[in-house]
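Note: hydrogens, waters and symmetry copies are ignored here, and every other heavy atom, side chains too, is used. All chains are named by letter (A, B, ...) in the order of the sequence lines, taking the proteins before the strands, and each is independently numbered beginning at 1.
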Amino acid sequence: MDVSVDIEKVRENFRVYNTLSKDIERFEPIEKNKVRIYSCGLTVNDYMHIGHARTYTVWDVLVRYLRFLGYEVFHVSNITDISIDEKILKRLEEEKISFQQLIEKYTKAYFEDREALGIERANVHPLATQHVQEMIELIEILLKKGYAYIAEDGVYFSIRKFQNYGKLSGIKPEALVAGASGRISKDEYDKDYVGDFALWKIAKEKEPYWYSPWGKGRPGWHIECSAMSMKYLGESFDIHTGGEDNIFPHHENEIAQSEAATGKKFVKYWLHTKHVLLGGEKMSKSYKRLIYLRDAIAKYGATNLRLYLLSTHYRKKLNFEEKGIEEASLIVNRFTKAVQITLKSLRKEIKNKNAQELLSYCIAKFNNFLDALNDDLNTTAAIKYLDDISRSIITFVESNGFVPSEIAENIIYILDKMGEIIFGDLYKREIRLEPTAEFEEFIEHMIKERDELRKEGKYESADKIRENLRRMGIEIEDLRFGTIWYIKKNSLYRK
RNA sequence: GCCGGGGUAGCAUAGUGGUUAUGCGGCGGCCUGCAGAGCCGUUUCACGGGGGUUCGAAUCCCCCUCCCGGCUCCA
């Protein structure tokens, strides 16, 4: 039986929801076999929270899936290390550090946190501060072409000059004036029109600055993503991602700047994640209603958390609940057990006719898994099929014993593919664990000893061995044909 | 105010016209020295309310209602 997948065929059916068209579209990159993707990264002035984590995890799955589909993926994700506001200035005083130190601290934390969740590094993580020259050049083009103008406190982009303004978010320039949010009327900037946005801001006292033809200052927030994405990916590229809050104004303004400057279509597919909610409402820094990722990992375990973040489709709001993580941990446990038992099966010479049925089932579910991901990255459904496979392996082993090695070999191929896409780097780190020969010998010895104690009816001593093994992260289970064991790194610790 | 997304059995999450939804929890059973895990049964023929289209609607259309998000800090 052949488990290999016709990648070309699967790839043809990959569809994603494009915010630009507000519709699900078949994915077809600009250049055949190559995908260029830019994901909006973090403003590194604080630790990342579980909302950021969801977003980056989803894009991690996207990138891994694209690679699985055979695409050569070039992924760029920026680091915004320029953001300065009064809150930050206050923080500098509180933490008694310089702006540079603050940025360094949280940039380091950002990479640690990403890695802890098994998120792969992008090909390039450009820093905004190192691309000020590119931003200045882009602003000069916009001035030359008449899309931008110089005011007293900076350079602004004139949104009324750009015909398609609002095509991503659906916001009409006039609506910005009529907006009843109460924020726009309090406009304190020296610009021609309320909807116009800053390309360059002249520095006020105490603020960090860079030199420019328009005076000492810093770039506006949006220009960095235009400058850096076009530098590394070209004037037109395939995918641009972000959280839903980026749609307006950030991405809308990026489109305006970039397309005004180049005259070309900036991005083909815009993908956005919905927010993580806490108690039914959006997390908010100002009200301290948020959960930092590193705290959540410490409490729930990275693997459980990662699966939980993927358990709701990315275009649906995720209301963060502990109970959901508990459910996710059960799926992680089953998968871990299934993977490790299958790995052990590889080394056993066992014949079992029913195993062929098991393999057929796994192949069918693996195809379902791919269909689910093809359907706008439906991780909810994909995880369900992954769990079906875990259960089928466990059930098989519990009633039939280990899987014949030639069958196990094929099943492992499927488990590896699924595991790497869903769990990322955590798959090898926490799930597909293979003990050293010595360690294995030790465990097997303990199990044998326990067995003898059990035969003699010395259950107390036998249970003590089980308890000790469990403390080492070894789970053992007595099945009909004997005792199986596996390494469990992702226990859900509860208070 | 404008724009968008939702309301699915105790809880959560799938499902865009027609077959017994899935997981978790509860209860009962099988298995077991115990535990764990798994399996079977049950809670359960569920889709916010009203109207319409249709042979047939959770799914399409209209109205109402409640919740959430966006409307220049934001993933």
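Listed pair A/Asn378 / B/U13 fails the phosphate criterion, with no side-chain N or O lying under 4.0 Å from OP1 or OP2.
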Would you tabulate the pairs of protein nitrogen or oxygen atoms and nucleotide nitrogen or oxygen atoms of nucleotides 23-26 of chain B closer than 3.5 angstrom?
{"residue": "B/G23", "atom": "O3'", "partner": "A/Arg391", "partner atom": "NH2", "Å": "3.1"}
{"residue": "B/G23", "atom": "N2", "partner": "A/Glu327", "partner atom": "OE2", "Å": "3.3"}
{"residue": "B/C24", "atom": "OP1", "partner": "A/Arg391", "partner atom": "NH2", "Å": "3.2"}

Please list, pair by pair, any protein nitrogen or oxygen found under 3.5 Å from a nitrogen or oxygen in nucleotides 3-6 of chain B.
{"residue": "B/G4", "atom": "N2", "partner": "A/Lys317", "partner atom": "NZ", "Å": "3.4"}

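A gap of 27 Å separates the P atoms of B/C71 and B/A12, to the nearest Å. A gap of 16 Å separates the C1' atoms of B/G48 and B/G5, to the nearest Å. Rounded to the nearest Å, the gap between the P atom of B/G6 and that of B/G25 is 29 Å. Atom name P, nucleotides B/G49 and B/C66: the rounded distance is 15 Å, in whole Å.
The strand RNA chain B forms stems, runs of 3 or more Watson-Crick or G-U wobble pairs with distances below 3.5 Å, at B:1-7 with B:65-71, B:10-13 with B:21-24, B:25-30 with B:38-43, B:48-52 with B:60-64.
When the options A/Arg315, A/His251, A/Glu244 are evaluated for a side-chain hydrogen bond (donor to acceptor under 3.5 Å, both in side chains) with A/His272, the one that passes is A/His251. Of the options A/Ile247, A/Asn253, A/Asn246, a side chain to side chain contact (heavy atoms under 4.5 Å, CB included) to A/Pro249 is made by A/Asn253 and by none of the others.
The NZ-C1' distance, from A/Lys488 to B/G36, rounds to 9 Å in whole Å.
Between A/Glu252 and A/Lys167 there is no salt bridge, since none of the side-chain N atoms of the basic residue sits less than 4.0 Å from a carboxylate O of the acidic one.
For A/Thr55, the listed nucleotide lying nearest its side chain is B/A75; candidates were B/A75, B/G38, B/C34.
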